[in-house]
Amino acid sequence: MHRVQQRNLVTMIRQATLEAQSDPAQAVRTLQLARTVALRQANDPMTVVLDQALAELQTSGKLGSGTVKTLKLGMKTLTERAAMSPLSPETIRRMTGI
């Protein structure tokens, strides 16, 4: 379920960046929904980025190119990986036979 919510979060952010160009009010609603999902997942770094994007969108009525780049980069780096524990070097060696 966690992975599905992450994918939904990524989709909402993409949608909001597109909506910001034509319908800023809808983009605000979409970003607020994305922020709620990020909070539910306890993804604090993404919540901070979304808060900054919301503030910019509400004050200027648009998202700057830097904010859009930050959101897109955040989609790749700030969303958490699947709920797997990272493998230790010993486990990797044992699995690969090295």
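Taking both residues in full, the closest heavy atoms of Arg7 and Arg14 are given as NH2-NH1, 4.2 Å, listed atom of the first, atom of the second, then distance. The shortest heavy-atom contact between Pro24 and Gly61 is CG-O, 3.3 Å. In plain terms, the two heavy atoms of Leu63 and Ala53 that are nearest each other are CD2-O, 3.5 Å.
Between the side chains of Gln32 and Arg29, no donor-acceptor pair is found at a separation under 3.5 Å.
Looking at heavy atoms from C-beta onward, Val68 lies in side-chain contact with Lys72 at the 4.5 angstrom threshold. Using a 4.5 Å heavy-atom threshold, the side chains of Leu9 and Gln5 count as separate. Side-chain contact between Leu57 and Thr67 is absent, with no heavy-atom pair separated by less than 4.5 Å.
One N or O on the side chain of Glu56 and one on the backbone of Gly64 form a donor-acceptor pair closer than 3.5 Å.
Separation of atoms CD (Gln26) and CG (Leu31) is listed at 10.0 Å; rounding is to 0.5 Å. Here the CD-CD1 distance, from Gln15 to Ile13, works out to 11.0 Å after rounding to the nearest 0.5 Å.
Remark: of the listed residues Thr47, Asn43, Thr30, Asp51, Asp51 is the sole one forming a side-chain hydrogen bond (donor to acceptor under 3.5 Å, both in side chains) with Arg35.
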